[in-house]
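Here is the structure we will look at, set down as structure tokens.
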Amino acid sequence: MSESTEKKMVRLRSSDGEVFEVEESVAKVAKTLQDMLEEDCADAVIPITCVRAPILTKVIDYCKDQVMISSSSSTTNNPNERTEQERKAWGQKFMEGVDSSTLCELLVASNFLNIEGLLNLGVDKMVSMIQGKYPQEIRDMFNVVNDFTPEEEEEIRNQNAWAFERDPYYKKRSSSK
Amino acid sequence: MEALPDELLVEIFRWLRKKPSYRCKCVSKRWRDLISDIWRNGDKFKLFNSGCFIQEKADIEEDLYGDTDYSVLFFRLDDKGEMTPEESLDFTEWTHSKMLGSCNGLLFYCLKSAGKMQYGVADPVTRESVLLPLYPGSRLASISKSPAALGFVFDSETGHWKLIAVYFYNRRNRIGVGVMIFDSEAGEWRTKAARFSDDSAPIQPKFVPDSSYLEASAIYLDGALHWVSLEYLVMFFLETGIFRVIRLPETLNYYKGLAWESEGRFYYCQLCQILGLCIWVLDADSSWRKTFCDPVPSFLSKLPDWFSSDEDDEFGDQCGQVLCFFEELHIIYLFLDDKLVCYHIAERMITPVEHPTSLELYSEVSSMRHFLTEWTFNVSNGRAKLPDCGTKRRLADDDKSGKEVVSIEMFRELSTQLDETDEQISQLEENLCQREAELCLLEKKLQELEESLEALNNIRSSSSLGFTKREFIGETQLDTTSDRGLVLDKMFHGHHGGYERGQGSGWSQGKCSVSASSTEMYRELSRREADTQERMTRWHKVEHKFLLPGSMILTLMLLRECAECIRWMNN
């Protein structure tokens, strides 16, 4: 009980200088931060150099949720425990409305902070965004520069012409929903 | 996206299916190189690396040639061992084919038509298939329609593979053997001289190859193909062409066990009524060593509630087939009491498998359970290529699901149409009923009116008695009906006076009697008149509501005329 009353706080600074104060347990969801905290450099503000404030907010949201689940899962029959389905639904909701550039930043952040769950969510989202799209659509979506010459691109296309045909499976799926 | 480090991009690409990843290869040079690297390193495509297919005889009835249609269901196994239908592998080609097995990403099937058998190889990823040439006038092919055993051997260095078909036949009370090998490099069939090894001689006379067992996939290990057949393990050494038969570990049931290769060793697993679930490993000296055993009581205690067994310490008659081993997760799929369950080897735990919808077939085909054959396929050791023989054909999408969607849509449309039509019909029927009732009423009224007309005529003809009647009414009845009596009287006077006069004497004789009856008649007529009036007003309302058919309109017109007449009489 005494532990919970004086929760240890950790301060994180985003790349654009905003400082976030979070509970230690929340910060520890990120393996990278956990390692740092265990090496005892908790007093100072931890700079998270590659993550901007809006992204860090999202990351902290995720971590808070994880703490909420894990802290209550030790007791039996707790209402916060999620079934596989609920977990999936939550993940989907969490990633809902995240655009491609935010998603990229989230991926970088979760990779840097080493948050596996968030990374998986991001990868899943990314895969679902790529699936069923043509190269140009993918380039547009993620701002990737096409550095192929038209001949080179044509060649690759011809090698695997089947992959560029209409995708009945995908279409079927998307239309049925 | 450009900001993402390679490792993250790789992580994303690894999860892509083949088709999207081919498309991604086209996005930029960096993407192309990363994806090529993943493929070169033989990294698994996570979503596609493990799956299984379950084949059932579609029909118990065999055709003229002893062939049946098979239905095949593909499933993807995810990292929790759950099965989900893999629809991307549903091609029309499977409709009349029997799935034989898989070898590093290729699917082998057998096209049976009119008693002829032709093998086909399909690459579901590139969606191409090749039919292998028929045996070159093989004597063996005439001996047995289908080979007793099949096996695939894949050379990960060259990407080539061999399909080995083994025929057993009776030769002077001994089992003879013939082997045909298709080499994907040469693109043709070759016969291979084969014989039984000396040490399998004692077993050989007893050995009865059972094709329903042998046709299942062979395990290729240390240069030899391994098949499990009833109580025996059959090994075929590819180099020497020698067959060796050894006994399987001693068990007391004949349910199909399952063999697999793991880390270079041969494993055999069986659910036995005495020993429970056991796994043996084949040692170098051809002896079996039990590496795992979950004894019967402990095994039974884990069974879910639905498991029905007559006696608590024994398995029922119809249970205990080992279907599939999923190496990555160390789980075994068991077919128990018509249900698919998952056995976790490390935890010694049984979990029911969520039945994909199409698997509900199971309960209906329980008697055909032993026809179920099952293989896992994976592409972990490099992908096999299609041979350069014959023409490559495109695999056609099985439009079944598409058709279903269409038919369901059509069905829905039709059924809504039907519903609407039904509604319309019931409305029409209701209308018809009402109109029939109306017609009835009208007819009745018509009859009444006719009757009253007749009565009127009667009265008219007996109007010579008018004064008597009038007196009578005037004396005795001064109620509402008397008015009408007067009206009628007046009418008769005005119109028919001459007639009355002419007839007067004749009628006067029956004065008293007629007078009484006419009074009655007057009363009745007056009552009817009132009735008709009332009905007529009702009918005017009804008329506004419904469009009446011709005959009714006529009746109505008639009625209206009558009403006019009556109204006129009233005035």
Side-chain angles (χ1 to χ4, degrees), chain A residues 50 84 100-101 103-112 116 119-120 122-149 152-173 175-177, chain B residues 1-33 35-36 46-47 78-80 82 86-91 123-128 354 392 394-406 408-409:
Chain A
C50 59
E84 187 73 4
S100 55
S101 64
L103 183 58
C104 288
E105 285 185 77
L106 260 180
L107 278 172
V108 172
S110 50
N111 190 44
F112 172 76
E116 206 188 330
L119 191 66
N120 287 344
V123 168
D124 279 357
K125 173 84 179 175
M126 193 67 104
V127 167
S128 70
M129 283 169 101
I130 290 173
Q131 233 135 25
K133 292 214 170 52
Y134 289 93
Q136 191 52 48
E137 291 176 296
I138 298 171
R139 277 184 217 121
D140 293 346
M141 192 165 61
F142 297 108
N143 290 322
V144 181
V145 180
N146 183 9
D147 49 4
F148 286 118
T149 63
E152 279 174 325
E153 196 183 334
E154 191 59 33
E155 201 191 318
I156 301 178
R157 269 172 184 273
N158 287 341
Q159 277 171 7
N160 303 294
W162 59 270
F164 297 94
E165 287 166 9
R166 267 182 69 243
D167 197 335
Y169 175 63
Y170 173 74
K171 287 273 155 66
K172 235 183 269 169
R173 271 293 154 91
S175 64
S176 65
K177 266 164 194 173
Chain B
M1 201 78 171
E2 296 287 341
L4 289 182
D6 282 359
E7 60 191 86
L8 270 177
L9 274 178
V10 166
E11 186 59 31
I12 292 161
F13 294 151
R14 273 155 54 101
W15 284 92
L16 284 177
R17 282 156 176 276
K18 275 267 164 141
K19 198 159 172 173
S21 56
Y22 270 114
R23 286 176 179 173
C24 283
K25 243 183 139 176
C26 238
V27 168
S28 76
K29 284 184 176 163
R30 181 176 169 223
W31 284 39
R32 178 196 61 190
D33 296 343
I35 293 169
S36 300
K46 286 189 177 175
L47 285 174
D78 66 13
D79 54 1
K80 290 184 182 63
E82 274 164 27
E86 176 60 75
E87 289 164 41
S88 64
L89 288 173
D90 292 342
F91 298 115
D123 186 336
V125 173
T126 62
R127 303 167 60 122
E128 284 174 327
E354 279 287 320
K392 283 187 180 147
R394 296 271 296 146
L395 289 171
D397 260 311
D398 191 355
D399 277 343
K400 199 170 58 192
S401 50
K403 270 180 204 153
E404 267 167 18
V405 169
V406 168
I408 285 167
E409 276 166 12

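The sequence lines fix the lettering, A, B, ..., with proteins before strands; numbering per chain opens at 1.
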Using 4.0 Å as the upper bound for N to carboxylate O, is an ion pair formed by B:Arg32 and A:Glu155? no

List for me each residue that meets side chain to side chain contact (heavy atoms under 4.5 Å, CB included) alongside A:Asp140, sequence neighbours excluded, and say none if there are none. A:Gln136

Return the set of residues passing side chain to side chain donor-acceptor pair (under 3.5 Å) with A:Glu152 (not counting sequence neighbours), or none when no residue passes. A:Thr149

Non-hydrogen atoms of chain B under 4.5 Å away: do they reach the side chain of A:Ile138, the backbone, both or neither? side chain

Atom CG of A:Leu107 and atom CG of B:Leu8: how far apart are they, to the nearest 0.5 Å? 5.5 Å

Examine whether an atom of A:Asp147 lies under 4.5 Å from a heavy atom of chain B, and if so say whether it belongs to the side chain, the backbone or both; otherwise answer neither. both

Chain B contact via A:Leu119 - side chain, backbone, both or neither, heavy atoms under 4.5 Å: side chain

